[in-house]
Participant: 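To start, I am sharing the structure in question, which I have written as structure tokens.
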There are 2 protein chains.
Amino acid sequence: MSEPATPASVPRRGRKSEMSRGQILDAAARMLRRQGYGSTTLRSIAEVAGIQAGSIYYHFASKDEIMDAVMERGVRAVIDAVREALDTLPNDASHQRRIETAVGAHLQALLSHGDYTSASIRTYGEVPVAFKQKSLQLQQTYVALWQDMLAAAQADGAIRQDLDPHILRPLLLGSLNWTVEWYDPNQRPVEDIAAQAVDMLFHGILPDS
Amino acid sequence: MSEPATPASVPRRGRKSEMSRGQILDAAARMLRRQGYGSTTLRSIAEVAGIQAGSIYYHFASKDEIMDAVMERGVRAVIDAVREALDTLPNDASHQRRIETAVGAHLQALLSHGDYTSASIRTYGEVPVAFKQKSLQLQQTYVALWQDMLAAAQADGAIRQDLDPHILRPLLLGSLNWTVEWYDPNQRPVEDIAAQAVDMLFHGILPDS
DNA sequence: GTCTATACCTGGATAGAC
DNA sequence: GTCTATCCAGGTATAGAC
């Protein structure tokens with residue numbers, strides 16, 4: 001899933017500015033993923049980005065602004081990937097097929113934009129609400145997408161009636177999101193994880209009886 | 001944990017010390033859960049514990065030492081609960097029954113020792129390895145417990161042969177651990193979450209075909 | 001055991017030269 | 001656009017009175 005050259009939300013600026021901004025975000029995402037919000041310093045971000053700490057303020061007004069930008073990009077990478085994958089399906093695709101597609105796209109995006117998505121997940125519960133205005137909204141939109149998809153499937157009898165979607169959804173997304181903490185690309189392709197996750201989700205772990 | 005009776009004339013590590021130590025840990029766990037490692041300050045811990053920052057150093061040598069103690073207690077609460085629940089089962093309990101019991105005990109412990117377990121989970125990936133020596137070992141022991149339980153079940157044909165336990169295990173534990181981020185005790189009892197998690201794990205979400 | 005006082009350092013942020 | 005230099009608040013940790 002390749003990035004659009006210019007995210008719609010970012011105002012157009014010169015090429016050099018764009019580049020540094022991107023490097024700062026990359027560096028911030030990397031540090032946030034590894035150390036969390038409180039231990040990530042502007043000085044260390046600057047060092048990784050190859051500039052001086054003071055220079056950051058040409059691109060961002062504050063540390064919080066960097067935070068929010070990183071988290072937004074993390075969530076957006078996932079939501080865009082899932083939406084696009086769902087939109088690509090034929091209109092008459094089954095609920096089962098839609099869920100399978102969403103799980104695959106979610107995992108693929110999550111694990112290929114590792115630093116941003118991991119930073120987003122890890123940092124999310126750690127920062128005050130005021131510091132994550134933009135990412136918060138996106139995140140809620142994304143949750144709603146899943147909730148609606150699952151509810152629709154259940155309404156059509158495509159998933160069991162006796163399950164509570166408000167428990168199912170966080171259990172499922174939690175399982176997927178946690179992969180950023182343990183997945184190792186050198187061990188297995190993402191597809192293997194996705195395939196087994198879907199299989200378990202649909203059929204459970206007991207042998208066919 | 002009650003103190004053994006000790007003659008009044010013999011100095012010992014008394015009740016007062018134990019108490020403050022406990023309050024410091026409680027406060028630390030609460031802050032760590034909410035803010036993560038980097039944003040949790042000794043001053044704020046002291047404030048919540050109702051003492052002065054300097055006084056902490058009578059009980060702990062450094063911030064890292066508090067950290068490790070909190071995380072260790074978080075992991076220990078869960079591992080102890082799961083072990084005890086498994087030990088209470090009859091010797092001939094089925095694999096299915098054992099897994100069900102472990103999931104229930106894990107969730108129950110996780111969500112009832114909220115601050116310690118949440119702090120442990122959140123902080124775990126955020127601090128250098130040197131700061132979590134004691135908790136790290138425990139955590140590995142706990143993972144091994146699950147891995148063995150699942151492998152044994154699979155060897156006996158109690159769970160599907162075509163699933164990879166090294167994928168199954170982190171997917172499952174991730175799903176359970178993530179509950180600390182969304183579970184609200186005012187909405188539903190823990191038992192409901194546990195029951196549905198086990199049900200989904202065993203049978204999947206598709207309707208009986 | 002806890003306090004007060006304080007040393008020392010590193011954090012985010014700003015100003016002005018280039 | 002980036003640098004250097006710097007301000008000041010707040011961090012961990014220590015010392016010594018009580």
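In what follows, chains carry the letters A, B, and so on, assigned in the order in which the sequence lines appear, proteins first and then strands, with residues in each chain numbered from 1.
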Participant: What does nucleotides 2-18 of chain C look like as a protein-contact string, B for base, S for sugar-phosphate only, - for none, at under 4.0 angstrom between heavy atoms?
Facilitator: BBB------BBBB----

Participant: What is the distance from CE of Met31(B) to P of dG11(D), rounded to the nearest Å?
Facilitator: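 Going from Met31(B) (CE) to dG11(D) (P), I get 10 Å.
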
Participant: Grab the CZ-C1' distance between Phe60(B) and dT14(D) for me, whole Å please.
Facilitator: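 After rounding, the reported distance stands at 18 Å.
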
Participant: Which residues pass the side chain to side chain donor-acceptor pair (under 3.5 Å) test with Thr117(B), sequence neighbours left out?
Facilitator: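 If we apply the side chain to side chain donor-acceptor pair (under 3.5 Å) test to Thr117(B), skipping adjacent residues, there are no hits.
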
Participant: Which residue pairs satisfy the salt bridge (Lys or Arg N to Asp or Glu O under 4.0 Å) criterion with at least one member in residues 58-70 of chain B, sequence neighbours excluded?
Facilitator: none

Participant: Between atom CE in Met67(B) and atom C1' in dG11(D), what is the gap in whole Å?
Facilitator: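 To the nearest whole Å, that distance equals 16 Å.
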
Participant: Applying salt bridge (charged side-chain N to carboxylate O under 4.0 Å, His left out), name anything that partners Glu72(B), two or more places apart in sequence or on another chain.
Facilitator: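 For Glu72(B), the residues satisfying salt bridge (charged side-chain N to carboxylate O under 4.0 Å, His left out) (neighbours in sequence not counted) are Arg76(B), Lys134(B).
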
Participant: Which pairs pass ring-ring contact (aromatic ring centres under 6.0 Å, His included) with one or both residues in residues 95-126 of chain B, sequence neighbours excluded?
Facilitator: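 Non-adjacent pairs meeting ring-ring contact (aromatic ring centres under 6.0 Å, His included): His106(B)-Tyr142(B).
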
Participant: Which salt bridge (Lys or Arg N to Asp or Glu O under 4.0 Å) pairs, counting each pair once, include a residue from residues 177-196 of chain B, with sequence neighbours left out?
Facilitator: Asp164(A)-Arg188(B), Arg122(B)-Glu181(B)

